[in-house]
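Report on one structure; see the data block that follows.
The chain is numbered in sequence order, starting from 1.
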Amino acid sequence: MSSPKKRKVAAGSEKKGILERMDESVVIGDGGYVFELEKRGYVKAGPWTPEAAVEFPEAVRQLSREFLRAGADVIQAFSFYASEDKLVNRGHYAGKKIGVSEINGAACDIAKEVAAEGDALVLGGLSQTPSYLSGLGKAKVQEEFQKQVDVFVEKDVDFVIGEYFEHVEEAEWAVEVLKKSGKPVGLTMCIGPEGDLHGVSAGDCAVKLAKAGVDFVGVNCHFGPTKSLDAIRAMKDALKANGFEKMHLMVQPLGYHTPDAGKQGFIDLPEFPFALEPRILTRWDCHAYAREAYDLGVRYIGGCCGFLPYHIRAIAEELSKERGTNPPGSEKHGPWGEGLMQHTKPWVRARATRSYWENLKPASGRPHCPALAKPDNWGVTQGDEDLKQQAEPTKQIPTRKGRSGAKK
Ligand code: CBH
Ligand code: ZN
């Protein structure tokens, strides 16, 4: 393995852009922010909004730095769910209002600062809106997107994406607005191999987005690597069949295994969001994931919720030959655990091999737990009365009985 290098850009030299980097090699994304910052005590589970960029910039900066040290080529502005309608959704502001310009502005400043400590690109992202779920229409939804893009343009991020879209119709509306930024545009939907929540197949989603003018397309969140890559495979085939074989692919799956998830992904699993830990990927799972994604031709490989810096580091290490470098975070350990040769106990030293970790079937240590779960499967989505979003917090715990999607 090559020795760790700090890939600082020489003063005055231009950074290579996202599309050039994908053409030449492979781009490594960063990991999951809202999930990790929630665990660290800076984000509220439920709303999942990013006001921490303003309230706790140090916490956001620290996590970004950890991803950079782990080998990320991209630092995302912490702007997930920063649309104004989401910021007021269910009243979680309760008198302490921080708006989209303030959040996205602070988020871009942090991302720019950290990205410049390496050779990373700055990403501005936006995502699906409560306005869409409530059926408020294209003009209103695009207005929400525009307010976010305005800040990305003003802060001059390197590229923009729409991420976490469950319905391709809304994603197409996002692309229209994102393209007005004049920056490279990517779009990842939070779908699996079964496609979007209105019944559009994963392949058709990719083709629609290609026609809308994205520069790269793929999936993020909702499913672990296996199902996410199944969705990518479907997208790749459909893109090829429709003359878009040159389109770059991006994947940022969950850091959790989800073989039992249905169309709605991990949101439907009973463990979402506070008991997902038994499903977490090991670093060795990330090696396998990175290899499979690369061999499939994906050139933007990162992670979403559950993905921690050490998962990103495993991707960077797996692809170190292709990238010609190892991340700074690898300084503290050799590949495939060779540092274990320095362990005090001989049976642990015996584990200092690739084959040991590659072949291990890790035990969960939970004798009374099932290996798989039964998804909730309420079956409601956009267009359904139950999904109209409110400004006030729900006061009563909803029950499934009588819901439109409920099985009788
Ligand atoms: O935080 C991040 O890293 C973002 N780039 C993506 C977040 S995906 C968050 C899912 C929230 C799910 C929900 O609405 O319940
Ligand atoms: Zn996610």
Side-chain angles (χ1 to χ4, degrees), residues 29-38 40 42-61 63-64 74-115 122-134 136 140-166 170-171 173-178 180-181 183 185-190 220-221 252 304-305 389 391:
D30 51 0
Y33 281 76
V34 287
F35 257 52
E36 181 56 12
L37 289 171
E38 189 277 330
R40 296 185 186 189
Y42 303 105
V43 161
K44 190 171 185 180
W48 302 114
T49 44
E51 57 277 9
V54 175
E55 296 171 335
F56 304 103
E58 210 44 67
V60 178
R61 193 178 292 116
L63 184 57
S64 292
V74 173
I75 298 298
Q76 61 179 287
F78 185 48
S79 60
F80 181 74
Y81 269 168
S83 62
E84 213 140 72
D85 57 347
K86 187 70 178 91
L87 295 175
V88 298
N89 194 19
R90 309 277 175 188
H92 73 281
Y93 265 111
K96 194 171 62 158
K97 192 162 156 50
I98 310 175
V100 50
S101 320
E102 209 185 333
I103 293 177
N104 275 12
C108 288
D109 288 345
I110 296 166
K112 284 174 87 164
E113 181 187 338
V114 176
V122 177
L123 156 63
L126 51 76
S127 34
Q128 64 181 15
T129 61
S131 295
Y132 181 76
L133 282 185
S134 300
L136 300 188
K140 166 74 175 135
V141 169
Q142 288 194 327
E143 200 181 296
E144 297 298 334
F145 293 148
Q146 190 64 57
K147 282 183 256 177
Q148 298 170 83
V149 171
D150 285 347
V151 186
F152 298 143
V153 170
E154 185 195 317
K155 293 288 180 180
D156 197 23
V157 300
D158 295 307
F159 67 103
V160 291
I161 66 164
E163 63 169 356
Y164 200 76
F165 282 86
E166 294 175 310
E170 188 186 15
W173 297 352
V175 173
E176 269 180 35
V177 179
L178 288 162
K180 287 198 266 164
S181 69
K183 314 252 177 215
V185 174
L187 198 299
T188 55
M189 295 190 61
C190 50
N220 80 297
C221 209
Q252 308 226 79
C304 203
C305 304
Q389 300 296 301

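- Closest approach of Ile103 and Ala53 over heavy atoms only: O-CB, 3.9 Å.
- Atom OH of Tyr42 is surrounded by 12 or fewer heavy atoms from other residues, nucleotides or ligands within 6.0 Å.
- Each of Asn89, Val141, Leu136 was checked for a side-chain contact (heavy atoms from CB on, under 4.5 Å) with Pro130, and the lone residue meeting it is Asn89.
- Take Glu170 and apply the side-chain hydrogen bond (donor to acceptor under 3.5 Å, both in side chains) test, not counting sequence neighbours, and it matches Thr129.
- What you find for Cys108 and Phe152 is that their closest heavy atoms are SG-CD2, 3.7 Å.
- There is no side-chain donor-acceptor pair under 3.5 Å between Gln148 and Asn104.
- Side chain of Gln128 to backbone of Glu166: a donor-acceptor contact under 3.5 angstrom is found.
- Heavy-atom minimum distance, Leu37 versus Ala59: CD2-O, 3.9 Å.
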* Apply salt bridge (charged side-chain N to carboxylate O under 4.0 Å, His left out) to the pair Lys183 and Asp156, showing each step before the final yes or no. => CA-CA 9 Å; Lys183 314 252 177 215; Asp156 197 23; 2.4 Å; yes
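- Of all heavy-atom pairs between Pro57 and Val54, the closest is CD-O, 3.4 Å.
- Between the CZ atom in Phe165 and the CH2 atom in Trp173 there is a gap of 11.0 Å [rounded to 0.5 Å].
- Partners of Glu143 under the side-chain contact (heavy atoms from CB on, under 4.5 Å) rule, at least two apart in sequence or in another chain, do not exist in this structure.
- Here the side chains of Cys304 and Tyr164 are not in contact, with every heavy-atom distance at 4.5 Å or above.
- Listed for the Glu144 side chain is a donor-acceptor partner under 3.5 Å among the backbone atoms of Asp85.
- Side-chain contact check for Leu126 versus Leu178: some heavy-atom pair is nearer than 4.5 Å.
- Summarising the geometry of Tyr33 relative to Leu63, their closest heavy-atom pair is CD2-CD2, 3.7 Å, with the distance given to 0.1 Å.
- Ser181 and Val160 make their closest contact through OG-CG2, 3.7 Å (heavy atoms, listed as atom of the first residue, atom of the second, distance).
- Remark: Lys97 NZ to Glu102 CD distance equals 10.0 Å, nearest 0.5 Å.
- The structure places SG of Cys305 at 7.0 Å from CH2 of Trp48, a figure rounded to the nearest 0.5 Å.
- Rounding to the nearest 0.5 Å gives a distance of 8.0 Å between OG of Ser101 and CD of Glu154.
- Inspection of the Gln252 and Glu163 side chains reveals no N or O donor paired with an N or O acceptor under 3.5 Å.
- A heavy-atom distance below 4.5 Å is found between the side chains of Ile98 and Glu55.
- Lys86 forms a cation-pi arrangement with Tyr81, by the criterion of a distance under 6.0 Å to the ring centre and an angle within 45° of the ring axis.
- Of the charged side-chain nitrogens involved, at least one lies within less than 4.0 Å of a carboxylate oxygen, so that Glu84 and Lys147 count as a salt-bridged pair.
- The salt bridge (Lys or Arg N to Asp or Glu O under 4.0 Å) search around Lys180 returns none, not counting sequence neighbours.
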